[in-house]
Amino acid sequence: MTDTTPAPATEAPERKPRNRAARTMQIVIASLGVGALLMTAAAGVVLWPRTPEAGPTADVPVAWAPWADNDLATPTSATFAEMNAAMRDKDRERFLAHATGDAATQLALWWDNSTKIGWDVAAIAPSDFDVDETGTIEVILGAQYAFAAKPQRGDGDRDAGLDLIQGFAYTVTFEPGTVPSRSFDRYEETEPPEPATITSIVPAREPNPWDEGEIHVVKRDHVVLFGMSDEAELVDQNADAAERSAVIALDTIRALGGEPTQDGFVSAITDDDERFQRWQYGKGTPWDMDVAGYARPTLRPQIAQRFLDPVIATGSDTSGTLIVMGPGSATGREQVFVHEFAHGLHYTAAPGSFIAPPVAVHEGFARFVEWKSGLADPGYLRPEVKAAIAAQGMGAFTDEALRSKDANLAYDAAGSFYAYADAYDGSAWTMAVDSVLGGGFFVDSTDFTEADWQAWVASQ
């Protein structure tokens with residue numbers, strides 16, 4: 001999911017508030033399903049023969065559970081092992097030695113651009129168990145870029161003390177003849193297989209700026225801002241605005257009672273609308289709304305594997321945020337920056353994975369932060385927004401309405417829900433986090449009703 005800042009807004013069909021008991025039952029059922037999968041995986045750990053580990057593996061955090069030893073003795077697993085070792089050693093030539101042609105060029109571009117942004121830890125890992133019959137496999141490639149969230153060990157966070165890779169999905173193709181099947185006699189093998197050669201690596205979904213050419217980077221205390229080299233002047237001109245906005249966003253979250261686990265942001269910027277839409281939608285269909293900027297949650301390696309450093313967090317949770325500013329943000333740059341930075345802080349406080357909440361959970365909070373920061377007047381004071389809330393309740397900010405041509409009305413309606421929580425008992429930040437973890441509004445931390453909120457908006 002990509003969270004955005006719009007420029008326009010529409011009404012949508014009425015939707016009743018969520019049934020708390022039904023939501024609880026959904027979560028229980030989902031948890032039972034996940035539990036069954038984990039028990040199956042755990043059985044595999046016990047039954048699958050493994051060579052005792054020595055050295056750094058003895059220091060593996062408790063959360064690390066290599067239930068999928070995906071790096072069995074195959075040419076492709078040898079490639080991933082070599083590339084990860086090269087990234088640990090910051091050895092560019094060794095990293096590129098396992099690719100040829102366009103793939104080598106593309107990986108060199110990723111390495112050089114990522115180095116400009118700045119990283120200490122990076123990884124590449126397959127999202128699947130084997131390459132398919134055409135020699136392709138999807139991988140997560142990324143680095144722990146500047147200002148990555150890193151909760152401290154002992155604070156109760158499941159990622160505490162681990163490195164968070166801000167990764168993206170790529171499709172990798174190996175040279176013809178690479179055997180996709182794995183060997184089950186690896187313990188009897190005396191020589192490891194020769195690594196396979198990568199002939200192609202392309203974004204599996206939307207391209208990112210670093211995939212398309214050389215980037216220009218400017219760094220401040222709380223932000224790394226970058227763009228394509230042909231828009232270097234744009235980056236330079238907006239770095240200070242990005243820095244001011246980062247400080248405002250961080251201070252606003254703290255004023256709401258939040259404790260950010262990151263102290264800055266990584267953001268791209270462009271004034272080229274075609275470029276911006278390509279980065280946001282790829283080959284997909286654009287939304288009806290005009291988008292000024294977006295915040296995209298990043299990925300981590302999905303499965304713990306022997307060739308990954310055990311202090312790298314794995315799993316299906318999101319793992320940080322890439323923020324991108326488009327030409328539509330030109331007339332309100334700081335306001336849009338703050339909106340998107342609010343998304344980034346929301347993502348790291350409540351990583352999304354199993355249950356995706358309604359779009360309003362994220363968009364309403366970011367719009368509320370705009371108001372709370374003082375950069376914008378509360379939109380729910382507009383007569384048309386008040387009328388939509390009175391008539392439709394939570395139906396005023398359905399997912400469809402938040403992506404429509406008149407999305408601003410729905411954004412303001414969703415933001416008013418957080419404004420009411422803030423006025424009622426100061427629980428806006430708690431509600432923002434709990435509504436992601438609980439899959440929607442009206443979670444246990446909320447003791448007011450839809451009617452209460454409607455009445456409050458009407459009285460403003």
Side-chain angles (χ1 to χ4, degrees), residues 3 5 90 112-122 142-152 155 157 159-166 208-210 214-229 231-271 292-298 319-326 329-330 332-349 365-366 369-370 372-376 429:
D3 285 332
T5 307
K90 292 291 188 76
D112 295 340
N113 284 335
S114 293
T115 300
K116 288 181 181 179
I117 295 172
W119 59 271
D120 290 319
V121 181
Q144 182 174 267
Y145 293 118
F147 310 118
K150 192 170 183 180
Q152 295 300 309
D155 71 354
D157 191 289
D159 292 328
L162 301 179
D163 291 321
L164 294 175
I165 299 298
Q166 295 159 274
N208 288 302
W210 52 74
E214 182 183 356
I215 62 172
H216 174 73
V217 179
V218 174
K219 298 181 180 182
R220 295 288 187 267
D221 289 343
H222 300 88
V223 71
V224 174
L225 187 67
F226 67 96
M228 305 311 296
S229 59
E231 292 188 284
E233 185 177 354
L234 176 71
V235 177
D236 294 339
Q237 291 172 346
N238 285 278
D240 290 338
E243 171 66 15
R244 289 192 299 271
S245 302
V247 173
I248 290 171
L250 289 162
D251 287 348
T252 303
I253 296 302
R254 293 187 184 107
L256 291 171
E259 297 181 1
T261 58
Q262 64 186 81
D263 58 0
F265 310 89
V266 173
S267 178
I269 189 169
T270 180
D271 263 348
Y294 66 84
R296 176 169 293 146
T298 60
S319 191
T321 314
L322 172 65
I323 291 157
V324 180
M325 305 286 284
S329 67
R333 201 77 87 183
E334 289 190 25
Q335 183 177 342
V336 179
F337 264 127
V338 166
H339 181 106
E340 303 306 339
F341 291 161
H343 282 318
L345 294 169
H346 197 178
Y347 281 141
T348 53
F365 179 70
V369 171
E370 294 177 44
K372 194 71 175 177
S373 71
L375 290 176
W429 174 250

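Just so it is clear, the values below take in all heavy atoms, side chains as well, and ignore hydrogens, waters and symmetry mates.
The two residues Asp271 and Glu231 come nearest to each other via the heavy atoms N-OE2, 2.8 Å. Residue Gly344 comes nearest to Thr321 through the heavy atom pair CA-OG1, 3.4 Å, listed as atom of the first residue, atom of the second, then distance. Shortest non-hydrogen contact noted between Ala366 and Ala342 is CA-CB, 4.1 Å. Summarising the geometry of Ser114 relative to Trp119, their closest heavy-atom pair is O-CD1, 3.2 Å, with the distance given to 0.1 Å. When all heavy atoms of Ala295 and Ile323 are compared, the closest pair comes out as CB-CG1, 4.1 Å. Arg333 approaches Gly326 most closely through the heavy-atom pair NH1-O, 3.5 Å.
Remark: Asp251 engages Arg254 in a salt bridge (charged side-chain N to carboxylate O under 4.0 Å, His left out) (not counting sequence neighbours). Taking Asp159 as the reference, Arg300 meet the side-chain hydrogen bond (donor to acceptor under 3.5 Å, both in side chains) condition, with sequence neighbours excluded. Under the rule for a side-chain hydrogen bond (donor to acceptor under 3.5 Å, both in side chains), the partners of Arg244 that lie at least two apart in sequence or sit in another chain are Glu334. For Glu370, the side-chain hydrogen bond (donor to acceptor under 3.5 Å, both in side chains) partners two or more places apart in sequence, or in a different chain, are Gln335, His339, Arg367. Among residues two or more places apart in sequence or in another chain, the side chain to side chain contact (heavy atoms under 4.5 Å, CB included) test is passed with Thr348 by Ala149, Thr261, Gln262. Remark: Gln166 pairs with Tyr145, Ala148, Thr298 by the side chain to side chain contact (heavy atoms under 4.5 Å, CB included) rule, at least two apart or across chains.
The number of heavy-atom neighbours closer than 6.0 Å to CG of Asp120, taken from other residues, nucleotides and ligands shown, is 12 or below. In this structure, Gln237 places its CD atom where more than 12 heavy-atom neighbours from other residues, nucleotides or ligands lie under 6.0 Å away.
The OG atom of Ser267 lies 10.5 Å from the CD1 atom of Ile117; values are rounded to the nearest 0.5 Å. His216 NE2 to Leu225 CG: the interatomic distance, rounded to the nearest 0.5 Å, is 8.5 Å. Trp429 contributes atom CH2, which lies 11.5 Å from atom OG1 of Thr252 (distance to the nearest 0.5 angstrom). Rounding to the nearest 0.5 Å places CZ of Phe226 at 8.5 Å from CG of Asn113. Rounding to the nearest 0.5 Å places CZ of Phe365 at 8.0 Å from CG of Leu345. Atom CZ of Phe337 and atom CD1 of Ile248 lie 11.5 Å apart (nearest 0.5 Å).
Judged by distance alone, the side chain of Glu243 and the main-chain N or O of His222 form a donor-acceptor pair under 3.5 Å.
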| task | Given side-chain contact (heavy atoms from CB on, under 4.5 Å), test Val369 with His346 step by step and report yes or no. | result | CA-CA 11 Å; Val369 171; His346 197 178; over 6 Å; no
| task | Could you walk me through whether Val336 and Met325 pass side-chain contact (heavy atoms from CB on, under 4.5 Å), step by step? | result | CA-CA 8 Å; Val336 179; Met325 305 286 284; 3.6 Å; yes
| What do the steps show when you test Val217 against Val224 for side-chain contact (heavy atoms from CB on, under 4.5 Å), and what is the final call? | CA-CA 7 Å; Val217 179; Val224 174; 3.6 Å; yes
